Trainee: 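Quick one: the structure is below, questions incoming.
None of the values given here were measured: they were computed from a predicted structure.
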Amino acid sequence: MYPKLILIGLFVGSMILMSWRHDRKKKVLFFGDSITEQGVKPGGYVTRVDSLMRSEGLVDKYEIIGAGISGNKVYDLYLRMENDVLAQSPDIVVIFIGVNDVWHKRSLGTGTDFDKFGKFYEAIVHKLRAANIKVIVCTPAAIGERNDNSNELDGDMNLYSNWIRGYAAKEGLDVVDLRKLFIDYNLHNNPSNKESGILTRDKVHLNDKGNELVAEAMWNIVKGVKA
């Protein structure tokens with residue numbers, strides 16, 4: 001009799017746990033640099049993702065948070081991952097990094113060499129996955145919006161973006177290809193070939209339309225992830 005009662009108790013306990021896991025909110029954390037830091041402000045892309053989630057009646061299913069710090073590069077994310085990400089116990093992490101790794105090589109003489117970028121990026125993803133966190137990666141969007149490949153850092157932006165695409169394919173990661181999204185948008189909506197003012201305020205940081213476009217692209221991927 002007692003073994004049967006124990007089995008029944010274990011079954012009921014497992015059903016309660018499964019129900020709790022199903023009903024609790026998925027915590028989605030956006031991990032990045034100043035674009036993400038600004039993204040949590042009114043009108044920012046993280047705030048807009050939250051609004052899209054609410055507009056679809058999913059407020060009981062998701063919690064949206066941001067963890068962006070201005071000036072961050074990939075190794076900064078690695079160094080602060082324990083406190084700023086793992087301590088938050090997210091279910092899904094969206095990694096949006098790369099602009100400063102390219103931009104700061106030219107503007108500040110720092111940045112991140114291509115080979116080191118990949119190693120740090122891999123280390124971040126491996127650590128997140130080891131904690132059973134679903135990972136979404138993003139290509140860096142823009143350092144200049146000219147649509148004829150004449151922005152000064154287009155070559156490196158494409159190089160780093162291609163690495164992220166390849167790594168995502170190899171590891172089976174969902175990818176938000178913001179680089180392609182921005183290039184395609186500017187091809188169709190930047191007839192004067194301006195270097196900013198279409199999706200960015202200053203060639204890098206998002207304007208209102210840029211935040212809208214990024215939020216929609218992010219949310220379309222996030223809501224399809226099973227965590």
Side-chain angles (χ1 to χ4, degrees), residues 30-49 66 68-77 94-118 120-121 136-169 174-221:
F30 292 88
F31 193 28
D33 53 30
S34 58
I35 299 171
T36 299
E37 184 178 53
Q38 295 173 15
V40 301
K41 296 178 180 179
Y45 86 85
V46 178
T47 304
R48 287 172 183 255
V49 168
I69 293 182
S70 179
N72 268 195
K73 295 175 277 293
V74 67
Y75 55 80
D76 296 301
L77 299 196
V94 182
I95 303 172
F96 184 9
I97 200 70
V99 165
N100 293 328
D101 298 273
V102 173
W103 193 19
H104 288 186
K105 285 199 292 183
R106 183 60 54 90
S107 64
L108 299 175
T110 56
T112 309
D113 292 337
F114 179 70
D115 60 333
K116 292 180 179 145
F117 179 82
F120 275 108
Y121 209 110
I136 298 169
V137 300
C138 306
T139 54
I143 306 175
E145 296 191 69
R146 294 193 185 105
N147 56 28
D148 58 356
N149 210 38
S150 65
N151 301 289
E152 182 182 11
L153 296 173
D154 276 346
D156 275 355
M157 286 289 282
N158 292 334
L159 179 67
Y160 284 55
S161 294
N162 283 335
W163 183 88
I164 292 170
R165 294 181 189 113
Y167 178 66
D174 288 309
V175 57
V176 184
D177 198 345
L178 298 175
R179 180 71 180 153
K180 183 178 185 303
L181 183 67
F182 272 50
I183 288 172
D184 289 348
Y185 189 90
N186 272 284
L187 280 171
H188 293 96
N189 296 280
N190 188 6
S192 300
N193 204 26
K194 298 192 296 184
E195 67 174 8
S196 65
I198 308 301
L199 296 171
T200 73
R201 305 189 316 269
D202 56 3
K203 303 191 297 183
V204 171
H205 298 96
L206 307 177
N207 62 17
D208 188 64
K209 185 61 183 179
N211 277 299
E212 178 187 346
L213 202 68
V214 169
E216 289 173 353
M218 295 284 201
W219 175 237
N220 284 336
I221 297 295

Trainee: Under a 3.5 Å distance rule, please check whether Asn100 uses its side chain to pair with a backbone N or O of Asn72 as donor and acceptor.
Mentor: yes
Trainee: For the atom pair CG (Asn193) and OG (Ser150), what is the distance rounded to the nearest 0.5 Å?
Mentor: 5.5 Å
Trainee: Are the side chains of Thr36 and Tyr45 in touch, meaning some heavy atoms are under 4.5 Å apart?
Mentor: yes
Trainee: Do the side chain of Asp76 and the main chain of Lys73 share a donor and acceptor less than 3.5 angstrom apart?
Mentor: yes
Trainee: Between Leu178 and Cys138, which heavy-atom pair has the shortest distance, and what is it?
Mentor: CD1-CB, 4.2 Å
Trainee: Ring-plane angle category for Tyr75 and Phe120, please: parallel below 30°, perpendicular beyond 60°, tilted otherwise.
Mentor: tilted
Trainee: Any side-chain heavy atom of Leu181 sitting closer than 4.5 Å to one from Asp177?
Mentor: no
Trainee: Pick from Asn149, Asn147, Asp154: which one makes a side-chain hydrogen bond (donor to acceptor under 3.5 Å, both in side chains) with Asn151?
Mentor: Asp154
Trainee: How long is the span from the CD1 atom in Ile198 to the NZ atom in Lys209, to the nearest 0.5 Å?
Mentor: 11.5 Å
Trainee: Considering non-hydrogen atoms only, spot the tightest contact between Ile143 and Val99 and give its length.
Mentor: CD1-O, 3.7 Å
Trainee: Within the 4.5 Å heavy-atom criterion, are Phe182 and Leu206 side-chain neighbours or not?
Mentor: yes
Trainee: Just by distance, with hydrogens left out, do Thr139 and Tyr160 show a side-chain donor and acceptor under 3.5 Å apart?
Mentor: no
Trainee: With sequence neighbours left out, write down each residue that passes side chain to side chain donor-acceptor pair (under 3.5 Å) with Ser34, or none if nothing qualifies.
Mentor: His205
Trainee: Listed by chain and number, what are the side chain to side chain donor-acceptor pair (under 3.5 Å) partners of Arg48, not counting sequence neighbours?
Mentor: Asp208
Trainee: Quick check: does any side chain N or O of Ser161 sit under 3.5 Å from a backbone N or O of Met157, one acting as donor and the other as acceptor?
Mentor: yes
Trainee: So, does Arg146 use its side chain to make a donor-acceptor pair with the main chain of Lys194 at under 3.5 Å?
Mentor: no
Trainee: Which heavy-atom pair separates Ala142 from Arg179 by the least distance, and what is that distance?
Mentor: CA-NH1, 3.9 Å
Trainee: Looking only at heavy atoms, which two atoms of Val175 and Ala168 are closest? And how far apart?
Mentor: CB-CB, 4.1 Å
Trainee: Apply side chain to side chain donor-acceptor pair (under 3.5 Å) to Gln38 and list each qualifying residue two or more places apart in sequence or on a separate chain.
Mentor: Arg201
Trainee: Find out whether Ile97 and Tyr121 are in side-chain contact, i.e. whether some heavy atom of one side chain is under 4.5 Å from a heavy atom of the other.
Mentor: yes
Trainee: Taking Gly44's backbone N and O only, do any of them form a donor-acceptor pair with Asn211's side chain (distance below 3.5 Å, no angle check)?
Mentor: no
Trainee: Can you tell me how the ring of Trp163 sits relative to the ring of Tyr167, calling it parallel under 30°, perpendicular over 60° and tilted otherwise?
Mentor: parallel
Trainee: Ignoring hydrogens and geometry, is there a side-chain-to-backbone donor-acceptor pair from Glu145 to Leu199 under 3.5 Å?
Mentor: yes
Trainee: Verify, without hydrogens or angle tests, whether Thr47 (side chain) and Val40 (backbone) share a donor-acceptor contact under 3.5 angstrom.
Mentor: yes
